[in-house]
Amino acid sequence: MVPAFESVVKELAKGEVSEPFRSAFGWHVVQLLGKRTQDDTDEFLRGQARQRLLERKVEEASEVWLRKLRVQAYVEVRLADLSADDAK
């Protein structure tokens with residue numbers, strides 16, 4: 001959690017609503033609905049790792065696609081056409 005959130009949440013009782021407070025992400029109001037009794041940190045970290053791997057695979061696939069697209073691209077520049085356009 002962002003430190004600003006953590007400090008506000010620690011002081012709240014269940015069901016209590018905080019006063020407006022500011023963090024690096026803007027202004028917030030928090031209501032504490034409950035607290036977890038189990039630690040989901042490992043599951044959260046696995047999910048983050050899975051997400052990063054997926055993002056990396058998408059990025060690699062995009063790079064391969066762009067490389068293929070560049071190889072297949074054909075551009076023809078005709079100097080005669082350019083000078084004809086300049087004369088107009």
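The analysis underlying the following values was restricted to heavy atoms, covering all of them including side chains, and did not include hydrogens, waters or symmetry mates. For clarity, every value in this text was computed on a predicted model and none was experimentally measured.
With sequence neighbours left out, Tyr74 forms a side-chain contact (heavy atoms from CB on, under 4.5 Å) with Glu76. The side-chain contact (heavy atoms from CB on, under 4.5 Å) check on Glu19 picks up nothing, with sequence neighbours excluded. Take Gln72 and apply the side-chain contact (heavy atoms from CB on, under 4.5 Å) test, not counting sequence neighbours, and it matches no residue. Considering only residues two or more places apart in sequence or on other chains, Thr41 meets the side-chain hydrogen bond (donor to acceptor under 3.5 Å, both in side chains) condition with Asp39. Considering only residues two or more places apart in sequence or on other chains, Val64 meets the side-chain contact (heavy atoms from CB on, under 4.5 Å) condition with Arg67, Lys68. Partners of Asp40 according to the side-chain hydrogen bond (donor to acceptor under 3.5 Å, both in side chains) rule, which considers only residues two or more places apart in sequence or in another chain, are Gln38. For Glu55, the side-chain hydrogen bond (donor to acceptor under 3.5 Å, both in side chains) test picks out Gln51, with sequence neighbours left out.
Sorted by first and then second residue, the ring-ring contact (aromatic ring centres under 6.0 Å, His included) pairs with a member in residues 45-64 form an empty list; sequence neighbours excluded. Screening residues 17-62 for ring-ring contact (aromatic ring centres under 6.0 Å, His included) gives Phe5-Phe21, Phe5-His28, Phe21-His28 as the qualifying pairs, with residues at least two apart or on separate chains.
Residues Val17 make up the rest of the hydrophobic cluster containing Val29, defined by ILVMFWY side-chain heavy atoms closer than 4.5 Å, directly or through other members. Hydrophobic cluster membership for Trp65: Leu66, Leu69 (Ile, Leu, Val, Met, Phe, Trp, Tyr linked by side-chain heavy atoms under 4.5 Å, directly or transitively).
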Contacts under 3.5 angstrom, residues 7-16 side chains, donor-acceptor by atom type, not counting sequence neighbours:
from: Ser7; atom 1: OG; to: Pro3; atom 2: O; distance (Å): 3.3
from: Ser7; atom 1: OG; to: Ala4; atom 2: O; distance (Å): 3.1
from: Glu16; atom 1: OE1; to: Ala13; atom 2: N; distance (Å): 2.8

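The CD atom of Glu59 sits 13.5 Å away from atom CZ of Arg52, with the distance rounded to the nearest 0.5 Å.
Residue-environment remark: CD (Glu43) stays at or below the threshold of 12 foreign heavy atoms within 6.0 Å.
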